[in-house]
Amino acid sequence: MASVPSSIVTRNMADFAEQTGNVYMSVAVISKRANQVAVKLKEELNSKLAEFATTVDNLEEVFENREQIEISKYYERLPKPTNLAIEEFLEKKVYVRKPDEETEEEINL
């Protein structure tokens, strides 16, 4: 019997709708947060890899840069940005703002 990857988790859709009242809005919020996390991780990775960058054009030396390989492997093993965003959302660590409703409330005052 094949084992199921740990990144595949069955989720209760009601949990997603709890904060926003709408599953689709929750998915949009999670998507935006996942993009933020991905950009942050990519910037971190690029800055760490830049520390070990070489200006040598010799292909043998480029492939032998162990520090860059280890850093890359570390980042590959990290949870995916979408999984991180879902966990943050379900743990209510993500602030959800609804600009349309804020504007309507200001008009009604």
Side-chain angles (χ1 to χ4, degrees):
M1 180 183 253
S3 65
V4 178
S6 61
S7 62
I8 299 175
V9 177
T10 304
R11 304 276 183 185
N12 183 353
M13 295 305 287
D15 294 343
F16 288 106
E18 186 178 304
Q19 284 186 56
T20 61
N22 183 332
V23 173
Y24 301 105
M25 180 179 274
S26 297
V27 170
V29 168
I30 291 168
S31 172
K32 287 182 181 188
R33 180 63 186 142
N35 286 336
Q36 291 172 344
V37 171
V39 167
K40 180 181 158 213
L41 286 174
K42 186 171 182 171
E43 287 173 356
E44 280 180 23
L45 173 62
N46 287 337
S47 69
K48 288 183 180 182
L49 289 177
E51 293 175 18
F52 299 104
T54 59
T55 57
V56 179
D57 288 335
N58 187 349
L59 286 177
E60 292 173 7
E61 289 185 27
V62 171
F63 289 118
E64 292 297 321
N65 196 335
R66 284 278 173 230
E67 293 86 3
Q68 286 181 327
I69 293 170
E70 291 304 316
I71 291 171
S72 295
K73 285 182 180 179
Y74 169 77
Y75 276 90
E76 286 175 6
R77 286 189 294 265
L78 287 177
K80 302 295 179 218
T82 305
N83 291 342
L84 292 172
I86 290 171
E87 291 304 319
E88 287 178 359
F89 183 81
L90 293 176
E91 293 172 4
K92 296 181 171 58
K93 294 180 179 177
V94 176
Y95 174 72
V96 179
R97 184 173 46 124
K98 301 175 187 174
D100 294 339
E101 289 180 12
E102 290 173 6
T103 306
E104 289 175 16
E105 289 172 8
E106 291 172 3
I107 293 171
N108 292 333
L109 296 175

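These values consider heavy atoms only, across backbone and side chains, with no hydrogens, waters or symmetry-generated copies. Residue numbers start at 1 and run along the sequence shown.
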Review point. Run the side chain to side chain contact (heavy atoms under 4.5 Å, CB included) check on Asn22 and Phe16 step by step: do they pass?
Key: CA-CA 8 Å; Asn22 183 332; Phe16 288 106; over 6 Å; no

Would you tabulate the side-chain donor-acceptor contacts of residues 37-51 under 3.5 Å, counting partners in other chains and residues two or more places apart, or write 'none'?
residue : atom : partner : partner atom : Å
Glu44   : OE1  : Tyr75   : OH           : 3.0
Asn46   : ND2  : Lys42   : O            : 3.3
Ser47   : OG   : Glu43   : O            : 3.4
Ser47   : OG   : Glu44   : O            : 2.8
Lys48   : NZ   : Tyr75   : OH           : 3.4

Exercise for review: Identify whether the distance between the nearest side-chain nitrogen and carboxylate oxygen of Glu88 and Lys32 falls below 4.0 Å.
Suggested key: no

Review point. To the nearest 0.5 Å, what is the distance between CZ (Phe89) and CD (Gln19)?
Key: 4.0 Å

Study note, to complete from the structure: Scanning both residues in full, the closest heavy-atom pair of Ala34 with Thr82 reads CB-CA, 3.9 Å

Review point. Which distance, rounded to the nearest 0.5 Å, do you find between the CG of Asn12 and the CD of Glu18?
Key: 9.5 Å

Check your understanding: For the hydrophobic clusters of this structure (ILVMFWY residues joined by side-chain heavy atoms under 4.5 Å, transitively), does one cluster hold both Tyr95 and Val29?
Key -> no

**Study point:** Spacing of Lys93 atom NZ and Leu84 atom CG [to the nearest 0.5 Å]
**Key:** 10.0 Å

**Study point:** Single-linkage hydrophobic cluster, 4.5 Å side-chain cutoff, Ile86 and Tyr24 together
**Key:** no

Review point. Side chain of Ser31, backbone of Val27: donor and acceptor closer than 3.5 Å?
Key: no

Exercise for review: Search all heavy atoms of Met25 against all heavy atoms of Thr20 and return the closest pair with its distance.
Suggested key: SD-CB, 3.8 Å

